[in-house]
Amino acid sequence: MYITINGTEYGRVRALSFAPEVDPAGMTLPISGFEADIYTPDAAEAGQYALLRDDLGQLWAKYYITRAVRVDADILRIRAESPLVLIARDVLPATYYNAAPIADVLVDVFRNTGSGLGAYIYRLDQAFSGAVITGFAPRQSARERLLWACFAIGAQVRSCFDDEVEIMPADAGNALIPMRDTFWRPAASEGDCVTAIRAFAYSFASGAPASTDKWVQDDGGATYIVTARAFELQNPNAPSDAPENVVSLEGMYFLNEGNVAAAMSRLAAWRFNPRELTLDCVDNADYRPGMRVTACDGLGGMMTGVVRRAAFRFGVQARARLQLAGASAVASAVLVIRYRYGGIQVGRSEFRFPVGYGYAVANPYIDTQMNGHRYILRPLAAATTGTMPQGGATVDVSCAAALDLCGGVLHVISVDGAEESNDKGVIS
């Protein structure tokens with residue numbers, strides 16, 4: 001991994017820690033960051049960009065340095081955090097929005113970031129191009145206003161693997177983590193059972209309040225009378241003896257009668273299913289917070305969920321401990337591939353896939369010994385493809401001899417190409 005600061009790339013890095021996260025339920029807005037010790041005599045300052053990239057040049061994070069401390073003559077320790085840190089302490093004035101386009105609200109949120117270059121810090125997914133906000137925002141941090149706005153429209157905020165903060169649909173993407181890339185052993189856990197969600201829908205009318213009215217006032221002096229209506233959504237799967245545990249959405253003034261039902265349904269999808277799946281896997285930025293993935297559950301089945309957190313460890317390949325929120329079992333089955341040569345089975349592979357999954361498995365060359373011969377066998381089909389049926393499937397793949405080594409003599413039977421080397425005339 002490489003860290004770039006002020007145009008200088010540093011490849012000697014140790015103690016790199018990076019664990020980005022999102023909240024699929026939309027109730028919080030995590031600020032992701034990374035820490036590292038860099039072998040360098042150079043200095044760094046808070047406020048500078050620090051870019052984290054892999055050996056292929058892929059961007060993992062573009063964050064702001066919030067701490068830079070020299071711990072040794074040759075070692076600089078940095079902490080860098082997502083651009084969301086820029087809005088955490090930025091206080092916005094009390095404002096009433098009346099069917100304001102979400103893009104206008106985001107202008108308010110990011111107005112003071114990056115020396116006024118807020119538009120270059122975030123990117124709004126086209127799925128929300130027509131979304132509007134109606135409601136009152138009290139005097140609050142820009143981070144809290146972003147949270148309110150995204151919760152109201154059903155957006156998720158992700159600030160990793162991109163040079164901008166992504167405001168995107170929740171439950172984005174869908175990937176299968178291969179069994180061979182999953183380390184033993186995934187583990188499922190259960191959180192507390194939420195029995196109901198209670199929310200309030202608000203409406204606002206300008207005017208002079210009576211003594212019994214609840215009212216709010218924006219920073220321009222305009223007064224609005226507040227009317228609230230309560231809604232409740234019961235968890236149909238809660239055990240009858242479960243203790244009452246109600247999640248309340250009170251005081252979130254961006255909820256109104258036009259969006260409260262959808263907001264409660266989205267929240268219920270996560271809070272009514274408190275199961276999580278934790279697993280370690282090879283993850284070269286393939287499985288990211290906010291993505292839906294399907295993985296083996298360690299018990300002979302498969303589960304699907306959304307990556308809530310990915311704690312990375314770096315080596316020849318990156319590994320990550322993934323925490324999947326809203327995990328649920330999916331029907332799966334085993335694909336058995338038998339590799340045959342002259343009617344004899346010379347190899348066998350097993351894969352587990354979700355039922356209905358369209359698979360494509362590359363067929364390997366087989367190295368085997370028979371009757372004093374060492375054969376390299378090539379599959380007659382480059383890949384085994386199909387759709388995973390209920391109950392599993394067994395597929396036979398025919399192979400042909402490519403190389404035959406016998407008595408110290410190599411017979412080339414079938415190759416894709418040949419090249420003669422000038423080194424002792426060896427053909428490779």
Side-chain angles (χ1 to χ4, degrees), residues 23 25-29 31 83-125 127-157 165 167 197-232 247-267:
D23 180 0
M27 297 290 287
T28 61
L29 198 58
I31 297 177
L84 295 179
V85 74
L86 300 176
I87 65 175
R89 294 183 296 271
D90 190 9
V91 178
L92 300 183
T95 305
Y96 176 68
Y97 296 101
N98 185 14
I102 183 63
D104 292 353
V105 179
L106 294 178
V107 167
D108 290 345
V109 167
F110 290 98
R111 186 184 304 277
N112 296 327
T113 57
S115 300
L117 300 179
Y120 300 98
I121 289 179
Y122 71 93
R123 183 173 65 254
L124 178 66
D125 192 279
F128 303 107
S129 59
V132 297
I133 296 295
T134 295
F136 180 81
R139 191 172 178 82
Q140 61 188 168
S141 73
R143 180 185 175 197
E144 186 175 14
R145 190 160 302 180
L146 176 62
L147 175 65
W148 279 26
C150 289
F151 188 85
I153 66 174
Q156 178 175 260
V157 179
V165 174
I167 300 171
I197 293 173
R198 184 179 300 128
F200 292 82
Y202 296 93
S203 59
F204 301 86
S206 60
S211 59
T212 56
D213 289 335
K214 182 176 180 179
W215 55 274
V216 292
Q217 189 175 65
D218 67 20
D219 277 22
T223 301
Y224 300 89
I225 301 167
V226 183
T227 302
R229 181 184 174 193
F231 293 82
E232 191 161 293
V247 173
S248 180
L249 299 173
E250 185 172 6
M252 188 175 284
Y253 289 154
F254 284 179
L255 294 183
N256 51 63
E257 296 205 12
N259 63 18
V260 67
M264 293 173 70
S265 295
R266 288 192 298 266
L267 182 58

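Computed from a prediction, not measured in an experiment: that's the story for all the values here.
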Here the gap from R143 atom CZ to T28 atom OG1, rounded to the nearest 0.5 Å, amounts to 8.0 Å
Euclidean distance, D125 CG relative to I153 CD1, rounded to 0.5 Å: 9.5 Å
Show the numbers, then the answer: is there a side-chain contact (heavy atoms from CB on, under 4.5 Å) between D213 and V226? CA-CA 7 Å; D213 289 335; V226 183; over 6 Å; no
Atom pair CH2 (W148) and CD1 (I133), whose distance is rounded to the nearest 0.5 Å: 11.0 Å
Atom CD in Q156, atom SG in C150: separation rounded to 0.5 Å? 9.5 Å
Kindly compute the distance separating CG (L147) from CG (D23), expressed to the nearest 0.5 Å. 8.0 Å
Would you say L146 and I167 make side-chain contact, with heavy atoms under 4.5 Å? yes
Using a 4.5 Å cut-off on heavy atoms from C-beta on, say whether the side chain of F231 contacts that of R198. no
Side-chain contact test, heavy atoms from C-beta onward, threshold under 4.5 Å: evaluate it for R123 versus V165 and give yes or no. no
Between G135 and F204, the two heavy atoms sitting closest are CA-CE1, 3.9 Å
How close do A201 and N256 get, heavy atom to heavy atom, and via which atoms? CB-C, 3.6 Å
Quick check: does any side chain N or O of R145 sit under 3.5 Å from a backbone N or O of V105, one acting as donor and the other as acceptor? no
Take V216 and Y253, measure what side-chain contact (heavy atoms from CB on, under 4.5 Å) needs, and give me the verdict at the end. CA-CA 11 Å; V216 292; Y253 289 154; 4.1 Å; yes
Nearest heavy-atom contact between S141 and A88 is CB-O, 3.5 Å
Checking Q217 side chain against G221 main chain: does a donor-acceptor pair fall under 3.5 Å? yes
So, for F254 and Y202, is the gap between ring centers shorter than 6.0 Å? no
Any heavy-atom pair between the side chains of V132 and I102 that's under 4.5 Å? no
State, yes or no, whether a side-chain contact exists between L249 and F200 at a heavy-atom distance under 4.5 Å. no
Any side-chain heavy atom of I87 within less than 4.5 Å of one from L84? yes
Is there a side-chain contact between I197 and E232, using heavy atoms and a 4.5 Å cut-off? no
Is there side-chain contact between P93 and D218, with heavy atoms separated by less than 4.5 Å? no
Output for pair (T134 OG1, L255 CG), nearest 0.5 Å, gives 11.5 Å
Applying ring pair (Phe, Tyr, Trp, His ring centres under 6.0 Å) between Y96 and each of W215, Y224, F136, report the one that passes. Y224
Any idea which heavy atoms bring A137 and Q140 closest together, and the distance? CB-OE1, 3.5 Å
Would L267 and M27 count as a side-chain contact (heavy atoms from CB on, under 4.5 Å) if you check the C-alpha gap in whole Å, the side-chain angles of each, and the deciding distance to 0.1 Å? CA-CA 8 Å; L267 182 58; M27 297 290 287; 3.8 Å; yes
